[in-house]
Amino acid sequence: MTIFLFAFIRSLRRKSTLVAMFVLPLAIVFIRTLWTLENGRGFLFYGMIIMFAAFSLVRSIMIDRMTGTVVRIFAAPVATFQYLFQNLLAFWLIIGVQTIVFVVIGSALYGWGIEMAVRLILSYNIFAVASLAFSLAWNSMFRSKVMSDAIFSIIISLMALLGGIFIPISMLPDFLRKIGMLFPTYWLSNSLLFIQDKEWNGQYWLSILIMFLFSAAFLLYGSKRRLE
Amino acid sequence: MGKSMSLHEKIFIVYRMMGMLLLYILWTKTGSDVAGLFLLLSLLILMLFRWRFPKLKWTLIIDQLVVISISFLWGNSQYILALGVFEAAYLGCPLFALPSVFYTVLYNPEGFLFLLLTQSAFAGIALWGWSKQQESAFRNMDEERRRYYETESLKQELLAANVQMVRMVELSERSRIAREIHDDAGHEIVAAYMSLQTVQALFETDAVEAEEMFCEAIERLGSGICKIREAVHNLTPLTEIGVAALHRLSDRFSHCPINFTVYGDTSKVSAYLWVILEACLKEALTNVMRHADAKIVRATLDITPCIVRLCVENDGVRKNSYFTAGLGLRNLQQRAAAVGGNISTSIAESFRLVCVLPIL
Amino acid sequence: MIAGMQNVVKRFGNVQALDHVSFAIHEGEILGLLGPNGAGKTTVIRTLAGLIKADSGEITLLGKKQDVNNIRLKQHLGLVTQEVTVFEELTAEENLRYFGGLYGVKGDKLRQRVKETLEFVGLSEHAKKVPGKFSGGMQRRLNIACALVHSPKFLIMDEPTVGIDPQSRSYILESVKRLTMEGTTLLYTSNYMEEVQAIASRIVIMDQGKVIASGTLDELVSRIQHEETIRITVSNPSVALAERFRAIQGVKTVMHNGADYTIVSGAGSDNLNRVLMVAQQRGSVSNIVADKPTLEDVFLTLTGKKLRDEEAGV
Amino acid sequence: MTRNLFWVSFFHYLRRLSRGYLGILIFVALPLVIVWVLSFVYSQNTEEQIYVFGYNMISTNISIGMMLIFQLSGGIYLLNYLNHDLIKPMKWRLKASPCATYTLVFSGTAACLVFTVLQGILIVVGTSLLQDAYWGNVWIVIFVIVLVSIISQFLNITLFLYIRNVNTAEYISWFLSWAMAVLGGLIFTLPDNAFFSFMKQYGTPFSLAQSAIRESGFLGTSSTNMLVCIAALLGIAGILAVLVIKLGRRKLI
């Protein structure tokens, strides 16, 4: 469990992560207008914060690869699977704790109710896994931090655009919606929509399932062993 | 760091990507919302799964079962069965395409789907044939390479045996010379020596006989010297070997001025080393001619108690930037390795060859 | 034998990184692996540590066959990488705890080993600092310490002293010597021949992916050196004296600079006495030195190249 | 001598800027795509009249906002150059050159300014050609773009000199420009009270610029308003300039 423990410690040492983790959510959770039912953008903004947090957490795996530390780690009796699994688990735990804190504060302020809170936590956590897996796959494609960041900022803008952050997904025309469906953000939006409408039907579970499938695909791609 | 992909693998991947893209377009144009996405995602996951674990080919059946079940929700999805058939054919396990075949026969026996599946099957088979052909070509290449390595090691052994042989020949020749000198010249000289001893004793008593014997002794000595001369003459090889051969090579080199210097005692170097050194010099000079605009070539032969070292270098600039160890050089390197030596070349600024061989 | 390679071949595309490399490392020794940049040292280390697969040949480690999937075997192996590969966010102590933990060292044992290792590399006072605050030499020492926490039987060091100050360098070399006294076997690569000459008990010289010579320092030097250099300083130098030196049997070149003469002659010519005699006939001699041959000379003899290009002024 | 070095360094910076294709992609292509998608979607989901005098009002709104957001983030270029040339890898090499540090900083700023202004104009041209966006008086618009760009450059230098960590400074820079956009009412509708409506009109450089551009054409009500906005922008730029000079004296040279 050494890798798990230190992945935890390392993440908490980085300032950018801490800001993304704790300052931003607290900053938005107290802005009342974001959480009214007719203007529920706050839920989605929080999703974007999770996405950024996941990206900056997974960055440490890429840094290990670029600095050559991964050579050292694989020279130790550690399997690739163990290394990735324990790292991602630690990251997920950090985000998980944050979502719980966030939802608890939100419930206290805006009276979300137990069932909605549980569903929110589930949605956000599965989205966190998808974001972590996406970041892993993303970072495995690049060898330069600058390049990775620059293109990521484009992709995330498109995700925000088509995933319901700027425009509610119900307003999207069909062909844009079908592009949007290729991003996990769309499905987070979708699930949140049905939570806000207090409609506990199949659509909610479907969104969860699709996010899960996205995670599986990204993980399969991103978990290939790379030394350089 | 992985193995580079061969062309048919690339075509395989592109074909599948095209299939997925077409399915996606079909979905955006026609399809039911989520069933299509679910299908796309599952196919992608299974594809990635087989990329990570290439041995689990049977997962192809899952692919097709997913497609078939979705096709009841979204009819158009059945066309993507073509991809499964294609992959099964390419991977060389046509049995895994059976679900598609059954589905087509049961639900859509003479429609467009049938045509599509047949086409994909043919495409897959063609690609499979290609991959098999290439595989066998690779196997042949491997076999060739293995044989090449075997030949190479055999050559190493032969070269080692050769060295052994040269030493044996040297020894037997040495003993033959010893015998010849001992038997012929030695005999005469010993006889002369004995005669002279007798002469010494006879000087006081019998001067006449002493003179007679003295003459005889001189004659015998003369004959002995003659025999030695003969033996030495017979021993001198007709072609030059040793340092003389190297000198001759450098003298004949007309491409540019050459400066050949020798340090140390050349007599310590055995004949079989001279052969290698000569070949080295020849090879180096050829390379200088071919690869460099040399103004002057320096060749140095150093002989120390333990090693003999030949260094050939030119001061000129190289002509063409790339240089690979040619067959001649590789051969030489093996011959040097067989006697425990080493040849190294560099072309950093000028051409340089260094050959170091141990003296036993 | 604690580790070894037998006819190992490794190709990257068309580049033959290792060409039938064979050598053995015996228990308790320091094997110096010497060669210019690009000779294949790092590839040797990576195949030996099971990080990449060799194309053919056999690699043995602690009596077992080494392989990419042989995770257990890595337990007894330590690797000091060429770059400083420690975590920026973690303090020195935490870095050591991390790498100790990767090798399965736990609890009190781990605490004790971390303390010992920090002391060993002289970083005890800086245990709570992050590596970013360290000097180059201290970072290097931490880099080494990270491979020592699990007390490996066999330690591989890949150019551990690149780009650091002489003081840290000699500190590191001292620690390496102490390690062998404690029973660790070492494979030490470098392209600083002085280092290898100073600490290695046996030396393997590589060039262009091949092993071109191996043996102890004395063996290599006495067998392979091809020139002897004598430096002499006389009271009344002259051009004629240089001519007299040049006339001595076996002398190759004589360089004359003021009162100093440098006389290069073939190996085994034993010219020291003769040079001295010739010089004394023409006046008094204030200094005479026979240059001790080095590994650099051995390498030069074998390949005609210098070990490091930057020394040749490129 | 100094003037010569300034031009050498200026053109050198311009050359480096023009080589970064990704930057052009992010600062020109991305806003165009976003404006296109957003105005497409909103045009389909609204009952109000979209076209006024042949101009698309929805894309006009979105275009002005997007152009200003990306202008305000344009200083990130300069941030990276300052970090690379004056703090991290190139520091000693450039400080050893006879080119004074302030010459380097000013030429870099000028080059980034020219480059981001060009990008802004490209967005203006692109949106008015492709999306029928209305930009009012062209000269006023260009003047506002220059002012916003100057503010952005100075803001980024200030941030960088204070924080001295390029990553954090970059995050804060992005955050500030998006925060201004939020206060300008671009991202979501703000509550209707005095504070927010002031912020929306005059509160930030973003809203000042937005108002100035809107007031310059038939969307506005009075040209006095526009002049007030421009004067305020000039004032902000002046204050930042003083700050930059003071900080730069202390921390750079």
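Order of the sequence lines fixes the chain letters, A, B, ..., with proteins taken first and strands second; residue numbering starts at 1 for each chain. Side chains included, hydrogens not; waters and symmetry mates left out as well; all remaining heavy atoms used.
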Q: Got a sec: does the CE of B/M165 have more than 12 other heavy atoms crowding it under 6.0 Å?
A: no
Q: Which residues pass the ring pair (Phe, Tyr, Trp, His ring centres under 6.0 Å) test with C/F245, sequence neighbours left out?
A: C/Y261
Q: Can you name the residues that form a ring pair (Phe, Tyr, Trp, His ring centres under 6.0 Å) with B/F260, not counting sequence neighbours?
A: B/H247
Q: Name the region of C/K53, side chain, backbone, both or neither, that has any atom closer than 4.5 Å to a heavy atom of chain B.
A: neither
Q: Counting C-beta onward and ignoring hydrogens, is there a side-chain heavy-atom pair between C/D207 and B/N342 closer than 4.5 Å?
A: no
Q: To the closest 0.5 Å, what do you measure between CZ (B/R352) and OG1 (C/T303)?
A: 7.5 Å
Q: Please check if atom CD in C/E58 has more than 12 non-hydrogen atoms from other residues, nucleotides or ligands closer than 6.0 Å.
A: no
Q: Taking all non-hydrogen atoms of both residues into account, name the closest pair between B/V356 and C/L302 and its distance.
A: CG2-CA, 4.0 Å
Q: Hey, could you give me the NZ/CG distance between C/K252 and B/D302, rounded to the nearest 0.5 Å?
A: 3.0 Å
Q: Do you know the tightest heavy-atom contact between C/S222 and B/C306?
A: O-SG, 3.8 Å
Q: Got a second to check how far B/T304's OG1 is from C/R223's CZ, nearest 0.5 Å?
A: 11.0 Å
Q: Using non-hydrogen atoms only, which part of C/S265 is less than 4.5 Å away from chain B: side chain, backbone, both, or neither?
A: neither
Q: Just wondering, are more than 12 heavy atoms of other shown residues or ligands nearer than 6.0 Å to CD in B/Q133?
A: no
Q: Could you measure the distance from the CD1 atom of B/I343 to the CD1 atom of C/I212? Nearest 0.5 Å is fine.
A: 12.5 Å
